Amino acid sequence: MSDLVLNGLAGARSGYLRGAQRQPVRWMEWGEAAFAEAVRLDKPVLLDIGAVWCHWCHVMDRESYEDVETARLINEHFVAIKVDRDERPDVDARYQAAVAAISGQGGWPLTAFLTPEGKPYFGGTYFPPVDGHGRPGLRRVLMTMAEAFQQRRGEVEETGGSVLAAIESNETFDGRGGELGEELVGKIVASAMGQFDPRYGGFGSEPKFPNSGALDLLIDAAGRGDGAARNAVMLTLDRMSKGGICDQLAGGFHRYSVDERWVVPHFEKMLYDNAGLLGNYVRAFQSFGEPGCARVAREIIGWVDGVMSDRERGGFYASQDADCSVDDDGDYWTWTRAEAAAVLTAEEMRVVGVWFDIGEIGDMRHNAEKNCLHVGVGLEEVARGAGVSAEAAAGLIESGRAKMLAAREARPTPYVDRTIYVGWNGMMVSGYMAAGRVLGDKGVLGFGLKTLDRVLGEAWDGSALRRVVAYGEGGDGGGVGVLDDYALLGMAAVDAWEATGELRYFSAALGLGEAMVARFFDAERGGFFDTEGKDGLGALSARRKPLQDAPTPAGNAVGAGLLLRLAEVTGREDFRERARATLECFAGVVEHFGLYAASYGLALRRYVSGAVQVLVMGTDDAADELEMAALYRFQVGKSVVRVSGELPAGMVGLPEVDGSFALVCRGFTCLPPVRGAEELVRVLA
């Protein structure tokens, strides 16, 4: 296809869009020019939303959009617009809701048919090129939708208008009427526990997603004496870490599991999933002291450091693909028994083959010989079966893992999207702050701060925030920041201030919080809109207030949490009032969202329980011990601040005491200084 003329995506900066620039479809980027062209020609719009990591997006590209005859039909009857959902989550969220309302399903690729003004009148996800497997073929759908637009225009316009109205009605919420109290927190916790799978861990049945927000909420509940929540967390984290959803060779987690046992994943690896899971494993180790949780956290960091980071400048990359081409399905990540035996000694194979459950018959539907590496038995059982000691078996597993990793790295490697998104980087910076402190790793802490410095320096001008720090295909970043970007980066900046005591990080968080309120807050009804509402193209005219974690934490929940954290330090009642108004906006409906509103539950927990601040003063070993003691047990609302100089305006003053000490404060009332780690643990208990 190299001899084809470039289409309207030739100037795109997104790697996903640039990958389609030589397709015969006359694609255009989302923007005023595309819709103006649709109005001028009086043609409907074919909207394709996908992502670089999406396997079926690439399948549909090859089967249909690279097909000359299909492209001819599209070019004749439609104006074609292609969108990268990672780059434009605001566009994706609205059309996902629209297509779900029309067809009852969403996902990627998202295929939508719009009026020239962008109103959706039909849609679906993947369409095969011709009819088959119970799905209508794309060519038939194209002609049906073109005919509907030409011959039943009134019906099309009515459908599009009603779908947009439904989106706005369903997504802006007016859930006032619920009580912001302990009972509502309990209902959200109970909903998560009600969906807990006591056999395999996780929530619900197949497919299974990690649900990091729900895990954090249950870790907090466990710290308040809920034994069932503790068991749910530990079973889930243990089963996930042993399953195929976890990369057993390099660390890190795939996006989700297609089965309830966590064995066969969708193989793409997303930065945001791993940021949330890093926090989960760190907080579980922090609260329960399970060494396995610390090991998994370090393995996530190892993969991120080695594959997903700009080590020179700072920054975390967006994603790693599931596969190398549309002809394979996770082949890079999976193993036949013969492939494993070719790189291991016979002694290693006897142990490793059992440990990772590598059989002649594997787990993958498209290739029955392919195995997803997962741990199905304990070390003692593996050792007995091989006739060696547990220590020897552990050594063979480690040597075998290293050999298999080296062999895998020699295979064609799935593409890494090196785009640096602001909000996702905020999530991983927060994860690195937590891991660096709890695990006592200054290198992890340092790289998290390096990344934060880059994001603040390149994407934040003191009043407005970009969506993208840098694109993976090269060049500067750009785009307009959405609510999630402000809230998640603001949280990261507060975390960095707590870890270092450097006032510049708190000042950045304060600026981000103020800008977030000014740009997104609904002063009339409470809550935050996801965008500023200036771009009214298509479904962007519908305002929405995100409540559901999908899969990143909902912007309203994180935004409320950020305002509460800022208010706890500064005493600013305007921040606390807007956080309360945001929580009240959803209080009457949130329990119906269950575990998918876990981030709301975390913000509500902070509001209900109030804040406990531990200020650690000093630079010696005694101060380090006090910090570790203060960090013992994760609890929402507990902040541990390593004081290194000037405190933010409005914060409590420090007493004049010689040597290292800790000051425990609730609100703006503090207990006498504490000098010993054991005493501090007792005070916090």
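Quick caveat, the model's predicted, so the values are computed rather than measured.
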Side chains of [Y] and [X]: any donor to acceptor distance under 3.5 Å?
X      : Y      : answer
Tyr421 : Glu87  : no
Ser103 : Gln105 : no
Trp108 : Asp92  : yes
Thr531 : Asp90  : no
His55  : Asp328 : no

How many angstroms lie between [atom1] in [X] and [atom2] in [Y], if you round to the nearest 0.5 Å?
X      : Y      : atom1 : atom2 : answer
Trp303 : Ser309 : CH2   : OG    : 9.0 Å
Tyr486 : Leu562 : OH    : CG    : 13.0 Å
Arg311 : Lys450 : CZ    : NZ    : 7.5 Å
Glu339 : Asp331 : CD    : CG    : 8.0 Å
Ile74  : Leu46  : CD1   : CG    : 5.5 Å
Asp131 : Arg135 : CG    : CZ    : 12.0 Å

Considering non-hydrogen atoms only, spot the tightest contact between [X] and [Y] and give its length.
X      : Y      : answer
Gln248 : Ser241 : NE2-O, 3.0 Å
Ile167 : Ala97  : CG1-CB, 4.3 Å
Cys57  : Gly50  : SG-CA, 3.6 Å
Phe267 : Asp329 : CE1-O, 4.2 Å
Gly107 : Gln96  : N-OE1, 2.9 Å
Leu456 : Ala508 : CD1-CB, 4.0 Å

Glu532 CD: over 12 foreign heavy atoms closer than 6.0 Å: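 Yes, the 6.0 Å shell around CD holds more than 12 heavy atoms from other groups.
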
Stepwise side chain to side chain contact (heavy atoms under 4.5 Å, CB included) test for Glu206 and Ser257: CA-CA 7 Å; Glu206 58 188 39; Ser257 174; over 6 Å; no

Residue among Arg543, Arg94, Lys545 satisfying side-chain hydrogen bond (donor to acceptor under 3.5 Å, both in side chains) with Asp530: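 Result: among Arg543, Arg94, Lys545, Arg94 is the only option passing the side-chain hydrogen bond (donor to acceptor under 3.5 Å, both in side chains) with Asp530.
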
CA sep, side-chain torsions, deciding dist, call: Asp61, Lys82, salt bridge (charged side-chain N to carboxylate O under 4.0 Å, His left out): CA-CA 11 Å; Asp61 275 343; Lys82 202 172 188 72; 3.0 Å; yes

Is there side-chain contact between [X] and [Y], with heavy atoms separated by less than 4.5 Å?
X      : Y      : result
Leu142 : Thr70  : yes
Pro412 : Tyr332 : no
Asn425 : Arg454 : no
Phe122 : Ile102 : yes
Leu547 : Asn556 : no
Asp247 : Lys269 : yes
Tyr432 : Thr451 : no
Trp424 : Phe316 : no

Under 3.5 Å donor-acceptor, Asp323 side chain and Asp321 backbone: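 No, the answer is negative, given that no donor and acceptor are paired below the 3.5 Å cut-off.
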
Side chain Asn75, main chain Pro24, donor-acceptor under 3.5 Å: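 Checked: pair present.
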
Side chain to side chain contact (heavy atoms under 4.5 Å, CB included) assessment of Met60 paired with Thr111: CA-CA 10 Å; Met60 195 163 173; Thr111 309; 3.6 Å; yes

Aromatic ring centroids of [X] and [Y] under 6.0 Å?
X      : Y      : value
Phe209 : Tyr256 : yes
Phe253 : Tyr281 : yes
Tyr415 : Trp53  : no

Test side chain to side chain contact (heavy atoms under 4.5 Å, CB included) applied to Ser319 and Val416, step by step: CA-CA 6 Å; Ser319 62; Val416 174; over 6 Å; no

Step-by-step side chain to side chain contact (heavy atoms under 4.5 Å, CB included) determination, Asp485 to Arg467: CA-CA 7 Å; Asp485 296 317; Arg467 167 72 180 158; 2.8 Å; yes

Asp310 vs Arg418, salt bridge (charged side-chain N to carboxylate O under 4.0 Å, His left out): CA-CA, chis, key distance, verdict: CA-CA 8 Å; Asp310 183 338; Arg418 291 177 170 80; over 6 Å; no

Full working for salt bridge (charged side-chain N to carboxylate O under 4.0 Å, His left out) between Lys43 and Glu76: CA-CA 9 Å; Lys43 287 184 177 182; Glu76 180 178 348; over 6 Å; no

Mutual orientation of the aromatic rings belonging to Phe113 and Tyr121 [parallel < 30°, tilted 30-60°, perpendicular > 60°]: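 Phe113 vs Tyr121 ring planes: tilted.
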
Cation-pi geometry met for Arg411 and Trp335 (6.0 Å, 45°):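 Checked: cation-pi criterion met.
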
Matching residue for Asp67 among Arg62, Arg72, Arg139 - test: salt bridge (charged side-chain N to carboxylate O under 4.0 Å, His left out):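 So the option named by the test is Arg139.
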
